[in-house]
2 protein chains.
Amino acid sequence: MPRTLQKQRRPEETRKRLVAAAQELVLERGFSASGVDQICERAGVTKGAFFHHFKSKDEIGIAALGAWAEFGMAAYAEARKAPAKPPLARVHRFFDIMTGFVTDSTSPVTCVVGMMSQELAQANPVLRGVCSGYLGDWTDFAKELLEEAKAAQKPRVDFDAAEAAWFLNALWQGSMLVAKTRQDPHIVIRNLAHARAFIDGLFSGTATLPPRKSPQPRTKRRTK
Amino acid sequence: MPRTLQKQRRPEETRKRLVAAAQELVLERGFSASGVDQICERAGVTKGAFFHHFKSKDEIGIAALGAWAEFGMAAYAEARKAPAKPPLARVHRFFDIMTGFVTDSTSPVTCVVGMMSQELAQANPVLRGVCSGYLGDWTDFAKELLEEAKAAQKPRVDFDAAEAAWFLNALWQGSMLVAKTRQDPHIVIRNLAHARAFIDGLFSGTATLPPRKSPQPRTKRRTK
DNA sequence: CCATACATACCAACCAGTTTGTATGCCTCG
DNA sequence: CGAGGCATACAAACTGGTTGGTATGTATGG
């Protein structure tokens with residue numbers, strides 16, 4: 001049947017291209033609105049290749065989530081390389097990394113896990129479970145950073161690190177959602193700044209919110 | 001063509017049933033995964049009725065968003081009826097109302113605006129704009145409550161009411177997203193409690209987070 | 001030579017939307 | 001007051017395109 005020449009076979013590469021295409025489409029239109037045909041078209045392969053590598057659409061969803069989480073956690077793990085000297089240094093680095101996701105990108109910052117969680121949490125138990133796991137991983141990481149800070153410096157008011165981490169996770173996801181809907185990435189940056197000050201305030205007890213009126217939103221910004 | 005008897009005609013009722021069905025389906029599976037046929041089936045009408053009342057699927061999406069926002073804002077407006085005597089009384093009432101959405105419901109608390117924002121913010125400019133407007137309405141309401149509190153009592157540290165309102169909006173949306181994915185509504189309740197304490201702390205300067213182990217659901221608030 | 005890695009064609013179900021027909025209730029007008 | 005007209009409110013069948021998934025082939029490389 002194949003009239004055209006088959007290109008050189010790069011199964012690993014083909015798989016990666018499919019996963020990357022799926023991630024892109026999910027970020028743009030969500031999972032259910034992303035057709036298998038569209039994924040194939042963007043990846044430059046045919047449906048035969050798709051169903052050779054993934055036995056269903058759900059399965060590439062799982063793969064997309066996994067690759068996304070792996071990439072993300074690798075970025076967050078950089079926070080561990082910050083010095084431990086000021087107890088909150090690594091927490092601050094963590095906030096810097098999240099802020100960097102916004103400032104280093106022209107397109108709105110979004111998350112495959114957040115996208116698929118929103119769509120599928122109630123309708124697809126399997127994918128819901130996968131999303132739940134990755135949200136938990138993120139929270140565990142934040143929780144550990146907070147606990148290390150607590151161990152290094154007793155906070156002014158005791159707090160539960162896990163609860164604070166879930167607070168940050170929800171704020172992070174919600175900020176991305178709101179910012180892209182409002183088409184204003186500064187919402188994320190400001191919310192992260194406030195959250196950072198909030199955490200700082202738990203330890204230092206000085207200020208809990210940046211006192212000034214925050215930076216101008218309107219004009220396009222360029223930061224790296 | 002119609003072999004069956006046509007039921008009594010109640011256009012207003014039919015329209016409401018379609019909008020309600022659309023809201024339900026959007027909350028369960030999202031907008032793009034909700035077919036017109038499914039909406040009609042759940043509303044108990046045929047496609048002829050659907051396209052008589054709405055000229056496209058997008059249009060019922062707009063109607064669903066509008067009805068949802070109207071219902072929600074009516075519930076939030078109850079916060080205005082709280083006494084103004086302690087400056088933060090109405091802000092506390094506002095938190096009580098949100099907490100009540102969680103405690104008064106068996107199913108996970110979700111939001112049509114958040115759902116459709118997530119899916120359509122990048123792919124559908126029209127619906128994105130509608131969502132953006134309703135997110136703005138919510139934030140304006142919260143901002144006004146905070147500004148009234150600021151006027152009644154000078155906060156310990158000055159803060160921008162609009163920024164704080166966007167912070168709360170993102171936290172609220174993100175909390176619903178995370179909670180349903182984790183299948184743990186307490187995440188929302190705890191996050192709201194922490195946010196409440198955060199706002200309190202801006203005024204009083206005492207505690208910024210409830211000490212350890214978080215509280216159980218607050219006093220039950222009436223519905224509607 | 002044979003498992004792997006694809007390509008192509010195809011399928012039934014479903015998609016949003018249209019067409020066509022008819023039942024209903026109100027509004028004249030005699 | 002009753003007959004008839006007529007816009008509204010639906011029902012049902014249908015259309016062209018798309019959906020996830022399959023069947024069947026063949027090219028490739030070890």
Side-chain angles (χ1 to χ4, degrees), chain A residues 1-23 25-26 28-65 116 119-120 123-127, chain B residues 1-22 25-26 28-64 116 119-120 123-127:
Chain A
M1 293 254 190
R3 312 270 187 256
T4 69
L5 265 298
Q6 189 173 318
K7 313 186 173 191
Q8 42 186 356
R9 304 161 75 154
R10 293 240 166 274
E12 194 130 332
E13 163 82 3
T14 299
R15 217 192 108 99
K16 279 182 183 170
R17 291 172 60 82
L18 281 166
V19 170
Q23 286 180 342
L25 283 163
V26 166
E28 286 172 21
R29 353 207 238 255
F31 183 71
S32 22
S34 299
V36 171
D37 286 323
Q38 305 171 47
I39 296 173
C40 293
E41 187 187 356
R42 188 168 298 212
V45 301
T46 61
K47 217 185 275 196
F50 182 98
F51 283 99
H52 173 75
H53 289 281
F54 306 96
K55 65 174 188 290
S56 70
K57 189 191 172 186
D58 274 18
E59 209 180 66
I60 204 183
I62 294 173
L65 284 166
M116 295 183 63
E119 284 188 79
L120 307 167
N124 191 320
V126 174
L127 289 178
Chain B
M1 292 251 192
R3 312 272 186 256
T4 70
L5 265 299
Q6 189 173 318
K7 314 188 173 187
Q8 39 188 355
R9 303 162 76 156
R10 280 179 306 184
E12 193 96 348
E13 162 81 4
T14 299
R15 216 191 108 99
K16 279 183 183 170
R17 290 172 60 83
L18 281 166
V19 170
L25 282 164
V26 166
E28 286 172 21
R29 4 216 248 234
F31 183 70
S32 24
S34 299
V36 171
D37 285 322
Q38 305 171 48
I39 296 173
C40 293
E41 187 186 355
R42 189 166 296 210
V45 301
T46 61
K47 216 182 277 196
F50 181 98
F51 283 99
H52 173 73
H53 289 281
F54 305 96
K55 64 174 187 290
S56 71
K57 189 190 171 188
D58 273 19
E59 209 182 64
I60 204 182
I62 294 174
M116 295 183 63
E119 284 189 79
L120 306 167
N124 190 320
V126 174
L127 289 179

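The sequence lines fix the lettering, A, B, ..., with proteins before strands; numbering per chain opens at 1.
- Shown here for A:A64 and A:V19, the closest heavy-atom pair between the two residues is CA-CG1, 3.9 Å.
- One interatomic measurement links the two molecules: CZ of B:R15 to P of D:dC10, which rounds to 12 Å at whole-angstrom precision.
- Minimum atom distance to the side chain of A:P11 is reached by C:dC6, of the listed D:dA12, C:dC6, D:dT19.
- A straight line from CG of B:L25 to P of C:dA16 spans 11 Å, rounded to a whole angstrom.
- Put simply, CG on B:D37 is 12 Å from C1' on D:dC14, counting in whole angstrom units.
- Rounding to the nearest 0.5 Å places CZ of A:R42 at 12.0 Å from CD of A:Q23.
- When atom types are taken as modelled, the side chain of A:R29 and the backbone of A:S34 share no donor-acceptor pair closer than 3.5 angstrom.
- Applying the 3.5 Å distance criterion, the base of C:dA16 shares a donor-acceptor pair with the side chain of B:K47.
- Near DNA chain C, meaning a heavy atom under 4.0 Å away, the residues from residues 53-64 of chain B are B:S56, B:K57.
- With rounding to the nearest 0.5 angstrom, the CZ atom of B:R17 is 8.5 Å from the CZ atom of B:R10.
- Between the P atom of D:dA12 and the CZ atom of B:F50 lies a distance of 17 Å, rounded to the nearest Å.
- Residues that satisfy the ring pair (Phe, Tyr, Trp, His ring centres under 6.0 Å) test with A:F54, not counting sequence neighbours, are A:F50.
- Whole-Å rounding puts the A:E41 CD to D:dT18 P distance at 11 Å.
- What separates CG of B:N124 from P of C:dA16 is a distance of 14 Å, to the nearest Å.
- When the salt bridge (charged side-chain N to carboxylate O under 4.0 Å, His left out) test is applied to B:K47, the partners found at least two apart in sequence or on another chain are B:D37.
- In this structure, of C:dC6, D:dT19, C:dG17, it is C:dG17 that holds the atom nearest to the side chain of B:F51.
- Atom NE2 of B:H52 and atom P of D:dA12 are 16 Å apart (whole Å).
- For D:dT19, one of the phosphate oxygens OP1 or OP2 lies less than 4.0 angstrom from a side-chain nitrogen or oxygen of A:Q38.
- Note on A:G35: only backbone sugar-phosphate atoms sit closer than 4.0 angstrom, heavy atoms only; bases stay farther off.
- In this structure, A:S32 reaches neither bases nor backbone, as no heavy-atom distance under 4.0 Å exists between it and the strands shown.
- Distance, A:R10 CZ to D:dA27 C1': 16 Å, rounded to whole Å.
- A:Q38 places no side-chain N or O within 3.5 Å of a backbone atom of A:L25 that could act as its donor or acceptor partner.
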